*Asks:* 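Have a look at this one before I ask anything.
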Protein chains: 2
Amino acid sequence: MSPKLGVLGGMGPMATVDFLHKLVDRTPAQADHEHIPVIVHSVPQLPDRMQAIFDNGASPLPKLMEAIETLQAAGAVCIAMPCNTAHYWYEEFEPSAKVPFLHIADTALAAIDSGNLSGACLGLMGTRGTLKAGFYQKRFAARRVDCMITPPDDQQNLVDPAIKAIKANDLARATPLIERAVERLLEQGATSVVLACTELPVVLNRLKPELAAHCIDVTIALADACIGWWQSNQNTNNRSH
Amino acid sequence: MSPKLGVLGGMGPMATVDFLHKLVDRTPAQADHEHIPVIVHSVPQLPDRMQAIFDNGASPLPKLMEAIETLQAAGAVCIAMPCNTAHYWYEEFEPSAKVPFLHIADTALAAIDSGNLSGACLGLMGTRGTLKAGFYQKRFAARRVDCMITPPDDQQNLVDPAIKAIKANDLARATPLIERAVERLLEQGATSVVLACTELPVVLNRLKPELAAHCIDVTIALADACIGWWQSNQNTNNRSH
């Protein structure tokens, strides 16, 4: 079985495509065979993450673990999951993975750290599940970086419906909602806004440029981390080939 | 193992992403779980198709068959391959597939047939490998539709370098080359131009609108056929779930 980058996607499907687009677009390659071999599991039929976190709904954990096993059986030697909310269960599924599973917040922090964080206050925009999980806030605190999450009213009136609209492929509806939510965080003192839900960057190129310039695209951070991982492990990958 | 649509991609990687984008974009879905579950094998490390067809190079057939086996083991109940040239080996790999393998030219013809073909002359633009394989020409002839392939000079100076540029992610370079190649076929009497290489539609939205309007996007035809197949077999798919 030839070694591949495993992508645990499907949450949502368009966010997965956006991730794959950025992965291919940002890989330095002049011809097909220079690209990273990838196996993508994009199966959105799993219990709703938000209902599991907030409403005692069925857990998606068994399906996530099944996906990891399928990816490994198909040759995945490293796995990335372009969905922030599903990282709520990271501590539960990661120990059973037989290969490295990149944590999306680690890859985002690595990208943010490469900038100048002195005096920064990072706005954090994501699903209520991601905000509750706290894995971004914990990492910001460890670096003594101030963090500002979307206020509950804006979460309910702007961010939640924007994510829902993107999942329904209504990008025109989502765009002004995200613009307003970003604008509000900036007005309240955020120096940048971390788009910590992979649905949000799907419309990043539709936002007003002056707002988009302040946004940090976590999907790009994850894609870059995958490219970096693959390049660093290329010799190992080729040996096992 | 839950049933999935299998995508045999990687030839090239961006054409695969373009296919997945069209698949998700065109699926009538309001929420994640209404989308088609997909497993994507995008491994571009296989022998060069053009060298195999024209220069006695190693055949990609064993790698294609390995990919089919991997997809089936991961739950694929139907397979589509968003690459025209690799259909050169369709008659050789298809019999060993345990699940339906949609032929890209059949899906393109189904899309074209839904239009009015009386008096049509279809321009055919693809790799030299696809043109040599003849599976489009054969299907056009069976429907008594006139067909005009790109002349050798234009193939060499416009189409071949355009495909190479897209594979190197240089879309700006590819765009005017494809525009000129489409224009030439239209000047010579084609009523529409079939973009029978999945790299070509990657830049379709960059073409001058008056030229793009005459192009038939085979990637969309394949995506629509997959959506149609999935909808028709949904009950079967759910039973095996």
Side-chain angles (χ1 to χ4, degrees), chain A residues 1-5 7 9-49 63 66-67 69-75 83 164-165 167-171 199 202 237-238 241, chain B residues 1-5 7 9-49 63 66-67 69-75 83 164-165 167-171 199 202 237-238 241:
Chain A
M1 187 64 64
S2 66
K4 302 164 190 82
L5 172 69
V7 178
M11 307 157 284
M14 194 57 94
T16 302
V17 171
D18 186 47
F19 168 76
L20 295 171
H21 182 269
K22 285 164 182 168
L23 183 74
V24 173
D25 187 48
R26 297 172 73 85
T27 298
Q30 293 298 311
D32 286 356
H33 67 275
E34 293 168 20
H35 280 273
I36 299 172
V38 183
I39 183 90
V40 186
H41 185 281
S42 182
V43 177
Q45 287 73 26
L46 75 174
D48 185 89
R49 282 69 68 199
K63 289 283 186 190
E66 184 184 314
E69 277 175 34
T70 301
L71 288 170
Q72 288 175 164
C83 170
K164 196 173 170 186
K167 284 180 183 292
N169 206 13
D170 189 349
L171 308 188
E199 309 291 343
V202 169
N237 298 336
N238 286 343
H241 190 61
Chain B
M1 187 65 63
S2 66
K4 303 164 188 80
L5 172 69
V7 178
M11 308 157 284
M14 194 57 96
T16 302
V17 171
D18 186 47
F19 169 76
L20 294 171
H21 182 268
K22 285 163 180 167
L23 183 75
V24 173
D25 187 49
R26 298 172 72 85
T27 299
Q30 291 299 309
D32 287 355
H33 67 275
E34 293 168 19
H35 280 272
I36 299 172
V38 182
I39 183 89
V40 186
H41 185 280
S42 182
V43 177
Q45 286 74 26
L46 75 173
D48 185 89
R49 282 69 69 201
K63 289 284 186 189
E66 185 184 313
E69 276 175 34
T70 302
L71 288 169
Q72 288 175 165
C83 170
K164 195 174 172 188
K167 284 181 182 291
N169 206 13
D170 189 350
L171 307 189
E199 310 291 343
V202 168
N237 298 336
N238 286 342
H241 190 65

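Bear in mind that the values here come from a model prediction, so they are computed numbers and not experimental data. Order of the sequence lines sets the chain letters (A, B, ...), proteins ahead of strands, with each chain counted from 1.
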*Asks:* If you measure from NZ on B:Lys164 to CD on A:Gln30, what distance do you get to the nearest 0.5 Å?
*Replies:*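 It comes to 9.0 Å.
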*Asks:* What heavy-atom pair brings A:Val43 and B:Val38 nearest, and what distance separates the two atoms?
*Replies:*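 Reported closest heavy-atom pair: CG2-O, 4.1 Å.
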*Asks:* Side chain, backbone, both or neither: which part of A:Leu23 has a heavy atom under 4.5 Å from chain B?
*Replies:*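 A:Leu23 has no heavy atom closer than 4.5 Å to chain B.
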*Asks:* If I compare all heavy atoms of A:Met11 with all of B:Asp32, which pair ends up nearest, and what's the gap?
*Replies:*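 So the minimum-distance heavy-atom pair works out to CA-OD2, 4.0 Å.
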*Asks:* So which part of A:Ala73 gets closer than 4.5 Å to some heavy atom of chain B, the side chain, the backbone, both or neither?
*Replies:*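 Neither part, no heavy atoms under 4.5 Å.
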*Asks:* Go through it in stages, so that I can follow the logic: the residues are B:Met14 and A:His21, the test is side chain to side chain contact (heavy atoms under 4.5 Å, CB included), and I'd like the CA-CA distance, side-chain angles, deciding distance and then a yes or no.
*Replies:* CA-CA 7 Å; B:Met14 194 57 96; A:His21 182 269; 3.6 Å; yes
*Asks:* Of the backbone (N, CA, C, O) and the side chain (C-beta and beyond), which part of A:Glu69 lies under 4.5 Å from a heavy atom of chain B, both, or neither?
*Replies:*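 It is neither, since no heavy atom gets under 4.5 Å.
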*Asks:* Would you mind checking which part of A:Arg49 comes under 4.5 Å of any heavy atom in chain B, side chain (CB onward), backbone (N, CA, C, O), both or neither?
*Replies:*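 When you check distances to chain B, only side chain atoms of A:Arg49 fall under 4.5 Å.
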*Asks:* Which atom pair, heavy atoms only, marks the closest approach of B:Gln45 to A:His35?
*Replies:*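 Here B:Gln45 and A:His35 meet closest at NE2-O, 2.7 Å.
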*Asks:* Mind listing the closest non-hydrogen atom pair of B:Pro44 and A:Pro37 along with its distance?
*Replies:*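 Nearest heavy atoms, B:Pro44 then A:Pro37: CD-CA, 4.0 Å.
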*Asks:* Let me confirm one number: the CG-CD1 distance from A:Leu71 to B:Ile39, rounded to the nearest 0.5 Å.
*Replies:*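 So the CG of A:Leu71 and the CD1 of B:Ile39 are separated by 6.0 Å.
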*Asks:* When B:Asp25 is tested against each of A:Val17, A:Leu171, A:Asn169 for side chain to side chain contact (heavy atoms under 4.5 Å, CB included), which residue passes?
*Replies:*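 The residue from A:Val17, A:Leu171, A:Asn169 that satisfies side chain to side chain contact (heavy atoms under 4.5 Å, CB included) with B:Asp25 turns out to be A:Asn169.
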